[in-house]
Amino acid sequence: MSLKVYNSLSRQKEIFTPINAPYVGMYVCGPTVSGESHLGHARPFITFDVIYRYLMYLGYKVRYVRNITDAGHFEEEGREAEDKISKKAVLEKLEPMELVQKYTNLYHWAMSRFNNLPPSIEPTATGHIVEQIEMIKKIIEDGYAYEANGSVYFDVAKYNTDFSKVGKPYGMLSGRNLEDQLDTTRELDNQDEKRDKNDFALWKSAPPEHIMRWNSPWGEGFPGWHIECSAMSSKYLGEEFDIHGGGMDLQFPHHECEIAQSTVCNHKTPARYWLHNNMITIQGKKMGKSYNNVIKLTELFSGDSPILEQPYSPMTIRFFILQSHYRGTLDFSNEALQASEKALKRLWDSYEWYSKQTIDATTTATDNALDEKVKKLLAEFDEFMDDDFSTAKVLANMFDLSSVINSIKDKHIVADAISGPTATLLQKQLKTYLEDVFGLVGERVADNGQLDGVLQLLINIRKDAKGRKDFMTSDKIRNELAALGVQLKDEKDGGTSYSVN
RNA sequence: GGUCCGGUGGCCGAGUGGCUAGGCAGAGCUCUGCAAAAGCUUCCACAGCGGUUCGAAUCCGCUCUGGACCUCCA
């Protein structure tokens with residue numbers, strides 16, 4: 001069995017073969033830290049975190065590089081190109097790097113709440129100005145870029161003509177051809193600087209009021225957006241690496257431009273497998289600033305937004321994302337997230353209970369059919385993940401297993417219905433997949449022992465009351481605890497358990 | 001206008017031609033002092049119209065319809 005991934009470059013699933021196994025290089029486009037991350041941003045970072053984790057589960061040694069864009073991400077539409085970062089900084093009266101730090105911290109906080117593993121390297125654009133300038137110089141030397149008024153532009157037409165001959169036309173990733181692009185002419189203000197509207201900036205001359213600026217052979221300025229990813233990915237992963245990931249909306253022009261830049265410099269398509277996650281939508285529309293429908297992560301966790309009926313925990317969101325396939329759109333709604341919240345609780349409760357059970361590894365199955373079924377459901381975990389990371393299918397199997405576990409718990413099924421080895425495997429695989437591969441963690445309120453002591457006291461008082469058939473008292477304890485967010489459950493064995501919201 | 005991707009039950013979503021995921025919600029039953037939880041059972045689908053096939057949600061065509069990208073975008 002081998003891993004298959006959908007490669008945007010070929011538009012089909014391909015067997016994943018690392019260039020230099022067991023090492024795998026993976027680059028994922030990170031955030032622009034000029035503002036707060038929203039739910040849409042969470043998807044690629046959770047998706048590629050799970051991919052990272054699964055690759056390691058398969059035994060690969062992965063170098064995972066995810067950048068931070070802290071400069072150079074300018075807007076071209078306005079009268080003059082403005083760096084997004086410095087523009088926002090003036091508005092908030094912060095030093096540019098102060099702003100960058102603020103949103104970087106917030107982003108890291110959100111990533112850790114999602115239990116995303118930190119990447120191996122998290123390079124910043126401002127930390128790699130030199131590498132970017134070197135790359136631009138090389139592109140100019142090779143004749144695929146030109147200078148104009150202190151800015152440098154990539155010559156797309158020349159690139160397309162020359163590299164079409166070797167089967168690498170501009171547009172090969174997003175499946176568009178230059179002729180179609182030429183048809184949709186739009187007048188831009190600094191059109192006159194460019195020889196062609198398809199040309200994109202490698203370096204922009206900084207106007208006097210621009211705060212973020214660096215010296216370059218072409219005067220003071222700042223780098224274009226696309227060049228940072230090319231410079232940093234080749235620096236840390238080599239001229240050719242295995243996986244390049246990001247959101248589908250980056251496919252064009254960002255990733256297309258990356259391919260063009262790197263191909264000129266290194267004569268190689270930088271990455272072999274291009275993986276793109278689809279968008280999160282609200283009522284069918286992409287979540288994004290232009291639609292004014294974003295839900296920031298801080299709002300999501302606190303519930304502080306008119307769109308939200310309640311707060312949603314990081315694990316609920318993680319689970320929500322894992323319930324769909326990463327290449328499909330995923331529609332946000334309160335109903336959908338509430339369903340995820342309940343589903344995750346059910347799954348996690350049965351997992352936690354079962355992981356505490358002591359298994360006698362020597363027993364044989366008294367119900368062979370069930371034993372086989374459990375083994376099959378477990379074996380399919382790998383099979384489904386190997387098929388382009390079908391997390392949704394793995395979760396479906398987990399719910400089937402959850403039913404088996406709950407039946408054992410409620411004694412509808414005897415514990416030795418499945419064999420000792422199968423039970424051990426069940427414990428092990430659930431833990432491996434839920435915690436190590438899917439990166440889910442329990443979200444219980446931290447308890448220092450005091451709370452537990454108090455609750456056990458109340459549970460005992462209630463038990464006494466129940467014994468006297470004093471249901472007034474027992475219900476009062478249960479109802480008032482419920483109002484405080486503590487749920488009591490009378491278990492089949494006569495004991496009482498609780499859960500804290 | 002160009003390029004591309006979808007339309008699955010009340011909601012979110014898997015679905016590689018035949019074995020008709022899964023979750024949430026709804027209904028019934030079991031258990032329970034009552035709950036909750038859990039278990040069992042059950043209801044509700046493949047946008048429409050043709051075609052291919054013994055058989056189609058799945059392949060082909062057309063129609064309707066939603067969306068993404070082409071500009072910053074995860």
Side-chain angles (χ1 to χ4, degrees), chain A residues 11 13 28-32 34 37-48 73-78 84 171 174-177 179-184 186 188 198 225 245-254 256 276-281 283-291 294 319-320 323-325 327-347 349-350 353 384 387 390-400 402-407 409-413 466 469-471 474-475 478-479 482 487-492 496-497 499:
Chain A
R11 285 147 213 276
K13 284 183 198 169
V28 174
C29 292
T32 302
S34 61
S37 298
H38 60 73
L39 176 59
H41 297 122
R43 195 173 196 192
F45 302 136
I46 290 172
T47 297
F48 287 100
H73 208 155
F74 56 85
E75 293 162 336
E76 222 170 3
E77 288 216 315
K84 237 185 192 172
S174 53
R176 53 192 86 208
N177 59 65
E179 288 71 40
D180 293 338
Q181 299 303 303
L182 287 168
D183 288 340
T184 63
R186 292 197 327 151
L188 295 173
N198 288 300
W225 173 34
M248 265 182 190
D249 49 357
L250 296 183
Q251 208 170 330
F252 189 93
H254 184 55
E256 207 72 73
H276 291 101
N277 64 276
N278 214 319
M279 302 293 105
I280 285 182
T281 57
Q283 289 164 334
K285 281 224 160 51
K286 173 184 168 180
M287 185 179 284
K289 250 181 279 181
S290 37
Y291 294 113
V294 300
F319 181 85
F320 174 63
Q323 265 188 308
S324 68
H325 191 269
R327 272 190 296 106
T329 54
L330 174 58
D331 202 52
F332 166 89
S333 68
N334 280 286
E335 212 178 349
L337 273 191
Q338 282 158 5
S340 289
E341 184 180 79
K342 286 187 180 176
L344 174 59
K345 185 177 188 312
R346 192 161 98 84
L347 188 62
D349 283 352
S350 67
W353 179 83
F384 292 155
D387 183 18
S390 294
T391 53
K393 286 174 142 187
V394 175
L395 285 175
N397 276 20
M398 284 184 179
F399 279 103
D400 286 347
S402 191
S403 287
V404 174
I405 290 171
N406 287 332
S407 292
K409 184 184 177 189
D410 286 357
K411 303 196 184 345
H412 295 129
I413 297 177
K466 277 175 70 179
K469 300 219 187 290
D470 177 9
F471 298 121
S474 67
D475 287 354
R478 188 174 64 196
N479 293 339
Q487 252 77 46
L488 294 188
K489 278 198 298 191
D490 293 332
E491 300 290 347
K492 285 278 196 314
T496 300
S497 66
S499 60

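For the numbers below, each heavy atom of this structure counts, side chains included, while hydrogens, waters and symmetry mates do not.
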Of the options [options], whose atoms approach the side-chain atoms of [X] most closely?
X      : options             : answer
A/K286 : B/A68, B/C70, B/G13 : B/A68
A/F320 : B/A37, B/G10, B/C12 : B/C12
A/S390 : B/C12, B/G15, B/G23 : B/G15
A/K393 : B/C24, B/A36, B/A14 : B/A14
A/Y291 : B/G33, B/A68, B/A74 : B/A68
A/F471 : B/G33, B/C70, B/A74 : B/G33

Once you round to the nearest 0.5 Å, how far does [atom1] of [X] lie from [atom2] of [Y]?
X      : Y      : atom1 : atom2 : answer
A/K345 : A/S350 : NZ    : OG    : 10.5 Å
A/K286 : A/M279 : NZ    : CE    : 5.5 Å
A/L39  : A/I280 : CG    : CD1   : 4.0 Å
A/L347 : A/S340 : CG    : OG    : 11.5 Å
A/N277 : A/I46  : CG    : CD1   : 10.5 Å
A/C29  : A/L250 : SG    : CG    : 5.5 Å

Identify the pairs formed between an N or O of the protein and an N or O of nucleotides 38-44 of chain B at a distance under 3.5 Å, and give each distance.
residue	atom	partner	partner atom	Å
B/A38	O3'	A/N406	ND2	3.1
B/A38	O2'	A/D410	OD2	2.4
B/G39	OP1	A/R346	NH1	3.1
B/G39	OP1	A/N406	ND2	3.2
B/G39	OP2	A/R346	NH1	3.3

How far does the [atom1] atom of [N] sit from the matching atom of [M], given to the nearest Å?
N     : M     : atom1 : value
B/C60 : B/G17 : P     : 11 Å
B/C19 : B/G39 : C1'   : 25 Å
B/U30 : B/G22 : C1'   : 24 Å
B/C69 : B/A36 : P     : 45 Å
B/U8  : B/U41 : P     : 28 Å
B/C46 : B/G13 : C1'   : 13 Å
B/C43 : B/A37 : P     : 23 Å
B/A27 : B/C54 : C1'   : 38 Å

Non-hydrogen atoms of A/S402 and A/R346 that approach each other most closely: OG-O, 4.0 Å

Taking every non-hydrogen atom, the tightest pair across A/R43 and A/N278: NH1-O, 3.2 Å

Counting the atoms with a prime plus P, OP1 and OP2 as sugar-phosphate, which does [X] contact under 4.0 Å by heavy atoms, base, sugar-phosphate, or nothing?
X      : result
A/M398 : nothing
A/S474 : base
A/M279 : base
A/A396 : base
A/L488 : base
A/D475 : base
A/G284 : sugar-phosphate
A/H325 : sugar-phosphate
A/L337 : nothing

Any side-chain donor near an acceptor of the partner, A/E491 and A/S497, under 3.5 Å: yes

Is there a Watson-Crick or G-U wobble partner for [N] with both distances under 3.5 Å, and if so, which one is it?
N     : result
B/G6  : B/U65
B/C59 : B/G51
B/A45 : none
B/C19 : none
B/G39 : B/C29
B/A14 : none

Residue mapping more 5' on RNA chain B - nearest nucleotide basis, A/Q323 or A/N278: A/Q323

5′-ward residue of the pair A/D490/A/D331 relative to RNA chain B: A/D331

Solution key, residues 391-399 of chain A side-chain donor-acceptor pairs under 3.5 Å, sequence neighbours excluded:
residue	atom	partner	partner atom	Å
A/T391	OG1	A/L322	O	2.7
A/N397	ND2	A/L377	O	3.0
A/N397	ND2	A/E380	OE1	2.8

B/A35 base / A/R478 side chain donor-acceptor hit below 3.5 Å: yes

A/K285 side chain near B/A68 phosphate (N/O to OP1/OP2, under 4.0 Å): no

Could you state the [atom1]-[atom2] distance from [X] to [N], rounded to the nearest angstrom?
X      : N     : atom1 : atom2 : result
A/E341 : B/A25 : CD    : P     : 11 Å
A/Q338 : B/C11 : CD    : C1'   : 11 Å
A/H254 : B/A74 : NE2   : P     : 10 Å
A/I280 : B/G13 : CD1   : P     : 10 Å
A/N198 : B/U71 : CG    : P     : 8 Å
A/M248 : B/C70 : CE    : P     : 14 Å

Chi angles and distances behind the side-chain hydrogen bond (donor to acceptor under 3.5 Å, both in side chains) call for A/Q251, A/S174: CA-CA 6 Å; A/Q251 208 170 330; A/S174 53; 5.8 Å; no

